[in-house]
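So the structure is just underneath, and the comments pick up after that.
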There are 2 protein chains.
Amino acid sequence: MAYRKTPAEISRLEAAREHLIAAATSVVTEVGWSQASVTAVADSAGIAAGSVYQHFSSKAALAVEVFRRAAGREVEVLGEVLHEPGTPVERLARGVEVFARRALENRGLAYALLAAPADPAVGAERLEFRRRYRALFAEVVHEGIEEGLLPAQNGEITAAALTGAVGEVLVDPLGARDEETTGALLTELVAMALRCAGAPRS
Amino acid sequence: MAYRKTPAEISRLEAAREHLIAAATSVVTEVGWSQASVTAVADSAGIAAGSVYQHFSSKAALAVEVFRRAAGREVEVLGEVLHEPGTPVERLARGVEVFARRALENRGLAYALLAAPADPAVGAERLEFRRRYRALFAEVVHEGIEEGLLPAQNGEITAAALTGAVGEVLVDPLGARDEETTGALLTELVAMALRCAGAPRS
DNA sequence: GGAAGCTATGAATGATGGTTCACTTCTTTC
DNA sequence: GAAAGAAGTGAACCATCATTCATAGCTTCC
């Protein structure tokens, strides 16, 4: 036994892997999945193309990891916001606002997560991601119904609609260059979301 | 001048072209853009791969034509439904129902038009397609506002939300194997759409 | 019927881009 | 410091398709 990984070496490898994921994420954010070749990602990380395969068994595996990290972050944030104190209606409004604001602030990533053409493997992850988003929204809608704040409805459909609506608004340059129009867009989006769930008009 | 296209020959060519487009459409409907290779499409049309280039200058040109035909049909149908007699609210309900029903009845095509990974050229067409869909919905929403049937709102956002919502519900197998669940889904979708636009509860 | 021009063919071509692998470089251990 | 083993390299490899092109097969016209 002439060689054993030392803790320092292990953490160096781990760091290299993380660095690679970060680089890949930024490449995807900037140019999308379809343009993110192994070479481009490796260049961005400052390593050779072949070295990518020290950390991932295939390009698809790296892509899935990149997607999971970013998507996981978003789901987590939304989940936290939706579970903060407040009535279901208030939480729904806040959730939509945060979802949309984060997406608008990082459009490239939002587009990559929600809509950009990608490997089938990433496509499958995307379905799962949307499903989780929907489940979070649906839960709050159901609470609203139970508390009598929202009318009876299929919460899953409302939740799907909210996800689809925010996505749709983002993907197409419907707006929001500057601060002002972004704010207006968010206000309108939240209003739309509350109507969609059937919240009483304020 | 020893040769000139005779009318019969011209219409034979035209028919061959149409046949190719139809075959390509069905391939795309069944397996999606990414799997629709020139060879697969040509096989489906019963011609050689090279012959595709007698009718289209590139695969992308054929893809765009396929998209335009299918998308154009859908936009046309929606436009007609939305301009039938009735209040804006009634027309909105009917429009969403028709949009969703058609999509559910031909899921493969709907998916190809709305969401499936595709060439950049098709992606650009898709943006335009969604824009037209939105414009149609937005027009009716604006009429509803003017007639005092809908509350003041950003009609573009509501229209985008409706498009996104229907698309989202379709893409994921949220439901609708049989007749019964399809009907229920449509009812819920329409109800959601009316809430979304702020129509008074029925 | 046959010359001229067009369409159809499908194997060859070429570009792209993921993956491999013989080799180099760095780490560990003694 | 030297042997052993791991990580890093990047040029070569390979698979996948879109596209081309020399050739064969039809149509037209006289």
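Numbered from 1 within each chain, the chains take letters A, B, ... in sequence-line order.
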Looking at [options], which one has an atom nearest to any side-chain atom of [X]?
| X | options | value |
| --- | --- | --- |
| B:Ser37 | C:dT9, D:dC17, D:dA7 | D:dC17 |
| B:Lys59 | C:dG10, D:dA18, C:dG18 | D:dA18 |
| A:Tyr53 | C:dT9, D:dG10, C:dG18 | C:dG18 |
| B:Ile47 | C:dT9, D:dT9, C:dG18 | C:dT9 |
| B:Arg12 | D:dT9, C:dT19, C:dA8 | C:dA8 |
| A:His55 | C:dG18, D:dT9, D:dG8 | D:dG8 |

Parallel, tilted or perpendicular: which one describes the rings of A:Phe129 and A:Phe67, with boundaries at 30° and 60°?
perpendicular

Let me know the distance between [atom1] of [X] and [atom2] of [N], rounded to the nearest Å.
| X | N | atom1 | atom2 | answer |
| --- | --- | --- | --- | --- |
| A:Asp43 | D:dT9 | CG | C1' | 13 Å |
| B:Leu62 | D:dT19 | CG | C1' | 14 Å |
| A:Glu14 | D:dA7 | CD | P | 13 Å |
| B:His19 | C:dA8 | NE2 | C1' | 14 Å |
| A:Ile10 | C:dT27 | CD1 | C1' | 13 Å |
| A:Arg17 | D:dA7 | CZ | C1' | 15 Å |
| B:Leu20 | C:dA8 | CG | C1' | 13 Å |
| A:Leu13 | D:dG5 | CG | C1' | 13 Å |

Verify whether one side chain among B:Glu168 and A:Thr163 offers a donor that lies under 3.5 Å from an acceptor in the other.
no

side-chain contact (heavy atoms from CB on, under 4.5 Å) between A:Leu189 and A:Met192, intermediate numbers included:
CA-CA 5 Å; A:Leu189 261 178; A:Met192 183 279 295; 3.7 Å; yes

Give a yes or no on whether a donor-acceptor pair under 3.5 Å exists between the nucleobase atoms of C:dA8, that is its base, and the side chain of B:Gln54.
yes

Give a yes or no on whether a salt bridge exists between B:Arg102 and B:Glu105, defined as a side-chain N under 4.0 angstrom from a carboxylate O.
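So B:Arg102 does not pair with B:Glu105 through a salt bridge.
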
Could you pull out all donor-acceptor pairs under 3.5 Å where a side-chain atom in residues 37-53 of chain B meets a protein atom, sequence neighbours excluded?
from    : atom 1 : to      : atom 2 : distance (Å)
B:Ser37 : OG     : B:Ala40 : N      : 3.1

